[in-house]
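Report on the following structure.
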Amino acid sequence: MPSVVTHAYVGRFAPSPTGPLHAGSLVAALASWLDAQAQGGQWLVRLEDVDTTRCLPGMDTLILQQLSACGLHSDVPPVWQSQRGGLYQQALNQMIEKGLAYPCTCSRKAIEAVRHLQGQTNPRHGELIYPGTCRPRFDNPPRTLEKARPAGCAWRLRTDALTTSPLIHWHDRRLGSQQQNVSEAVGDFVLKRADGCFTYQLAVVVDDAALGITDVVRGEDLADNTARQIMLQQALGLPTSRYRHTPLVMGLNGEKLSKQNGAPSLDTRQPQAVLAALHQAARVLGLSAVTGNATDALTAWVVQWKSLCASFKC
Ligand code: GLU
Ligand code: ZN
């Protein structure tokens, strides 16, 4: 029988195939790869195509090609979230059985109306804080599994039931001590949408655990999701990952470079372009320029990364 290899460090890069890799996403890819190498760990690529409505055909292949051209190869075959719905449903069922998840039939309009009545009209990052309209009483949790429910309802996590306090504390390896009161800042958040799509929060947490990920290294724009993800890990009895959020690349307009604001695709057709892109990403991470080809550069940056981490004790 093959023995199961467990690694002390498993990292990942988890792009959504909604567009090609760009200068900003390369920073996160490079940082997660360097961190895994520096710790003698494993690194894998997970394609986050759980929301199929946002994905563009062929982008997964393109991203994998771009990573490969940059010398960033997944140690195990890449995984696609769209093929892992069974795992997400199992996790949701587990939370329903524990009375931690409940069905919600509120429309956006209905949520807006309640928030308005409460005098709270400001959406947070475009998301409305859910006022708890469908949250069941503690003495009457919905233990019936989803099969028995009418189709077309969303499922939410109750953020008031998990720990003694919904205040989640964590240590970010770059940003330091962090905290968020999930109930107040976000409210009971969606695990599965009414259209049947599992949400990013649920899929990330289930996959990070299923793939044995110990360390999440990703862009700072995602830091705000961390408390929700730790809360979900607690709800599912999963270990808490270590987190490090990397600096963002700003565009000329002063906004974060992103697919949404038209960041150009990384040009990986010529080795010189690859080397230049890697150098730009390395600079954002506080690493200095090195000589040689991309392979030489990556090797030198692993050494630099180690001493950077040692000096910051992270
Ligand atoms: N798929 C997410 C994104 O591309 C990243 C998820 C993560 O690293 O947790 O923004
Ligand atoms: Zn509701």
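Counting starts at 1 for both ligands and their atoms, in listed order. Note that this is a predicted model, so its numbers are computed, not measured.
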Do the charged groups of [X] and [Y] touch, with an N to O distance under 4.0 Å?
{"X": "Asp35", "Y": "Arg244", "value": "no"}
{"X": "Glu220", "Y": "Lys256", "value": "no"}
{"X": "Asp172", "Y": "Arg174", "value": "no"}
{"X": "Arg173", "Y": "Asp215", "value": "yes"}
{"X": "Arg193", "Y": "Asp51", "value": "yes"}

Checklist entry - Under 3.5 Å between some N or O of ligand 1 and some N or O of Gln229? => result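 No.
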Checklist entry - Quick check: does Ala14 get an N/O under 3.5 Å from an N/O on ligand 1? => result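 Between Ala14 and ligand 1, an N or O pair is found under 3.5 Å apart.
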Going by the order shown, which atoms of ligand 1 are within less than 4.0 Å of some heavy atom of [X]?
{"X": "Arg12", "value": "7 (C), 8 (O), 9 (O)"}
{"X": "Tyr200", "value": "6 (C), 7 (C), 9 (O)"}
{"X": "Arg218", "value": "7 (C), 8 (O), 9 (O)"}

Item to check | Quiz item: cation-pi between Arg218 and Phe13, 6.0 Å / 45° | outcome: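 No - Arg218 does not lie over the ring of Phe13 by the 6.0 Å and 45° rule.
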Checklist entry - To the nearest 10 degrees, how large is the angle at the Zn ion (ligand 2) between Tyr130 OH and Cys106 SG? => result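 Rounded to 10°, it measures 110°.
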Checklist entry - Given that the side chain starts at C-beta and the backbone is N, CA, C, O, which of these parts of Leu222 lies under 4.0 Å from ligand 1, counting heavy atoms, or is it both or neither? => result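 It is the side chain that gets close, since no backbone atom is under 4.0 Å.
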Next on the checklist: Please classify the Phe13 to ligand 1 contact at 4.0 Å (heavy-atom distances, strictly less than): side chain, backbone, both or neither.
Outcome noted: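 None of Phe13 does.
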Next on the checklist: For a distance under 2.8 Å, tell me if Thr105 has an N/O/S atom near the Zn ion (ligand 2).
Outcome noted: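 No.
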Checklist entry - Under the side chain to side chain contact (heavy atoms under 4.5 Å, CB included) criterion, do Trp43 and Val10 qualify, and how do the steps go? => result CA-CA 6 Å; Trp43 184 76; Val10 185; over 6 Å; no
Checklist entry - Got the closest protein heavy atom to atom 6 (C) of ligand 1, with its distance? => result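 Heavy-atom neighbour on the protein nearest atom 6 (C) of ligand 1: Glu48 OE1, 3.1 Å.
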Checklist entry - For atom 3 (C) of ligand 1, what is the nearest protein heavy atom, given as residue, atom name and distance? => result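 Here the closest protein heavy atom is Ser16 OG, 3.6 Å.
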Checklist entry - Stepwise, does the side chain to side chain contact (heavy atoms under 4.5 Å, CB included) test hold for Trp301 with Val290? => result CA-CA 8 Å; Trp301 286 326; Val290 288; 3.8 Å; yes
